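Below you'll find the structure, written out as structure tokens, and then a few comments.
Sequential numbering from 1 along the given sequence is applied to the chain's residues. On a predicted model such as this, the values are computed, not experimentally measured, just so you know.
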Amino acid sequence: MTDGAPAPVPAGATVVASLREYDVDRVFCVAGESYLPILDALHDEPRVDVVTCRHEGSAGFMALADAKLAGRVGVAMVSRGPGAANAAIAVHAAREDGAPLLLVVGGVPRRNTDRDPFQGVDCGRLFGGVAKAVWTLHDPADTAEFVARAVRTAESGTPGPVVLTVPEDVIGRADPLALPACRAAVAPPRVGAAALGRAAELMAGARRPLLIAGPQLDHPRGRDALRAFAERHTVPVVTANKCQHLLPNRHPHYAGHLHNATPMAQAEAFGAADVILAVGTALDGTTTLRRRLPARGQTLIHVHPDPAWLDTYHPVTLGAVGDPAMFLTDLTGAPAVLDSRAEWIVRLHRIEADKAVWRPVTAPDGVVFGEVAAALDELTGGHLTLVVDSGTFTSWLYRYVRFGERGRLLGVASSAMGFAVGAGVAAALRDAAVPTVAVVGDGGLVMNLGELTTAVQRQVPVTYVVADNRSYATIRLHQERDHPGRPIGTELANPDFARLAEAFGAFAFTVQHPDEARPCLAMALAHPGPALVWVRTSLEFITAYRRLSTVSEARHAGGGAS
């Protein structure tokens, strides 16, 4: 190198600089020798927080959670082979959620490709059926281009996961261009005047309209547009799966949340709608109550930025491609309906409000989890980030925690177990202004227990609530339904989770009786660092109610079992 010549910039540094152009300020990783040049570049970039994780699946889950909260691509970095394979669960979850995720995989040296190298894996074949795109960087000069393409692809249309393999002998070499990606914003189109007019006409003629609000509205502009439209046009709002927070749950136009245990009375009421306006949702199986909604005879207007989701499973009267928030804003400007729909709105909201009243019940083998959910609602007023894992406890939370203006529900549509352990860390790092509560079952906690050490290392204010019924209870419920009295493979032997959490360095409490739930939760929420509340929950209560003649009877009897 001649005197005065600039030092060469390795491609790894271009990766980091390009991510910064897209506002990435946090990455989640399990360190690996295959992408050391990127890690070294992160050492010199104070604007990017590097979160050291204990498992690649958790790193992916954390990046997925961060993407949802930050409103832009989440980034996870893992090493080749085992690291990539471990991260596959998060790639799958991002695909099902429509969430933008960039998985950067350190690859084997190019000369070893297709020669069965140590920890070699063909990411194209591994992720090809799951990710939106899988690419490999072959030349340092192309680094900025590939990062930009990966981020844009992850964020556009229906957002989703993109996998970028960066061979270690490519990112360690000098980038001859040494320029970061040039950010290019790609916005979905605006719904045209003809479709907008037709939507206004259909909505004006509706006596019992229902708006299904989906994850594409999950940003400040979308939530504001949703509320403004519902209020001006007197339309009740029901939210898609895992989107319960899109409209404050005590708002008079809030009609409920479509999930895997939506009460029968509520589902039947939705079936009385004459026009359904589905905005920003793919109308997945859970949101449509296993394809029962929209029902035959209901007019469907479906608006989504990705045309692939229109007219899929559900024939539409009107399908429109465009930005969901902009569509609602434009439709809000249409003449308001003069005749009142107040009775329809009151009916739906009353069902929702009555359902959310906790009526204490007891069980001989542990705390009925509705007690915990009701206590969380009372202590936070619905102003919390509630991270949910997979398990029977979720339906109690959906039922009794009513989200307020600053409330946020965070979960994955795939129901992957173990998500909440790491996602709770990501949520607390992203927003400490409201309490972060991560609720996880005994099965899910043990799957990714190592991330409790990440919470302690970072001293994040996250409260873990562990629903311990000593069983893979969701599967047990299916067994009781299909093969009553013949459980197998679902019983769990668990440690003392409070003592285990204390050994990790967290504050811990044990709840064995209903009257202990509120005080223990209050102390945990007040703790400035990670805390864990171990709740010994009832298995007999949920299995007994599943044995009733119908699921409807179980739910109306005070159950919440999913």
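Residue pairs meeting the ring-ring contact (aromatic ring centres under 6.0 Å, His included) criterion with at least one member in residues 405-438, sequence neighbours excluded: Phe61-Phe419. Residue pairs satisfying the ring-ring contact (aromatic ring centres under 6.0 Å, His included) criterion with at least one member in residues 435-477, sequence neighbours excluded, are absent.
The 12-atom threshold is not exceeded at CD of Glu491, counting heavy atoms of other residues, nucleotides or ligands nearer than 6.0 Å. More than 12 heavy atoms of other shown residues, nucleotides or ligands fall within 6.0 angstrom of atom CZ in Arg292.
Remark: the Lys242 side chain and the Tyr398 side chain contain an N/O donor-acceptor pair separated by less than 3.5 Å. A donor and an acceptor atom, one from each side chain of His257 and Gln266, are nowhere located under 3.5 Å apart. Thr454 and Glu451 are linked by a side-chain donor-acceptor pair at a separation below 3.5 angstrom, with hydrogens and angles left out of the test. Defined by atom type and a distance below 3.5 Å, a donor-acceptor pair is missing between the side-chain atoms of Asp274 and Gln298. Using modelled atom types, one finds no donor on one side chain facing an acceptor on the other under 3.5 Å when comparing His92 with Arg95.
The minimum heavy-atom distance between Ala428 and Val460, with the atom names listed, is CB-CB, 3.8 Å.
Atom OG1 of residue Thr537 and atom CD of residue Gln512 lie 12.0 Å apart, to the nearest 0.5 angstrom. The structure places CG of Leu211 at 8.0 Å from CG of Leu217, a figure rounded to the nearest 0.5 Å. Taking CD of Glu516 as the start and CD of Glu371 as the end, the distance is 11.0 Å to the nearest 0.5 Å.
In this structure, the side chain of His245 does not engage the main chain of Phe403 through any donor-acceptor pair within 3.5 Å. Between the side chain of His219 and the backbone N or O of Gly222 there is at least one donor-acceptor pair closer than 3.5 Å.
Checked for salt-bridge contact, Lys355 and Glu352 meet the test: a charged N lies under 4.0 Å from a carboxylate O. A salt bridge links Lys68 with Asp97: the distance from a Lys NZ or Arg NE/NH1/NH2 to an Asp or Glu carboxylate oxygen falls below 4.0 Å.
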The test is salt bridge (Lys or Arg N to Asp or Glu O under 4.0 Å); show your working for Glu343 and Arg208 and say whether it passes.
CA-CA 9 Å; Glu343 184 178 343; Arg208 296 181 305 278; over 6 Å; no
Evaluate Asp323 against Arg221 for salt bridge (Lys or Arg N to Asp or Glu O under 4.0 Å), listing each step before the verdict.
CA-CA 11 Å; Asp323 179 273; Arg221 185 170 57 88; 3.1 Å; yes
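Residues Val372 and Phe393 form no side-chain contact, since every pair of their non-hydrogen atoms from C-beta on lies 4.5 Å or further apart. For the pair Asn469/Phe369, no side-chain contact is recorded, criterion being any heavy-atom separation below 4.5 Å from C-beta on. The shortest distance between side-chain heavy atoms of Leu328 and Leu226 falls below 4.5 Å. Put simply, the side chain of Val367 reaches to within 4.5 Å of the side chain of Val511, judged on heavy atoms. A 4.5 Å side-chain heavy-atom check between Arg476 and Ser471 finds at least one atom pair inside the cut-off. Inter-residue side-chain proximity for Glu231 and His251 is flagged as met; some heavy-atom pair is nearer than 4.5 Å.
Residue Leu283 forms a side-chain contact (heavy atoms from CB on, under 4.5 Å) with just one option from Leu293, Thr288, Ile276, Thr312, and that option is Thr288. A salt bridge (Lys or Arg N to Asp or Glu O under 4.0 Å) with Asp377 is found for one member of Arg402, Arg518, Arg250 and no other, namely Arg250.
Ser538 meets the side chain to side chain donor-acceptor pair (under 3.5 Å) test with Asp365; sequence neighbours excluded. Residues satisfying the side chain to side chain donor-acceptor pair (under 3.5 Å) test with Asp25, not counting sequence neighbours, are Arg72, Arg430. Every side chain to side chain donor-acceptor pair (under 3.5 Å) that Arg54 has, sequence neighbours left out, goes to Thr453. Taking Arg223 as the reference, Asp218 meet the side chain to side chain donor-acceptor pair (under 3.5 Å) condition, with sequence neighbours excluded.
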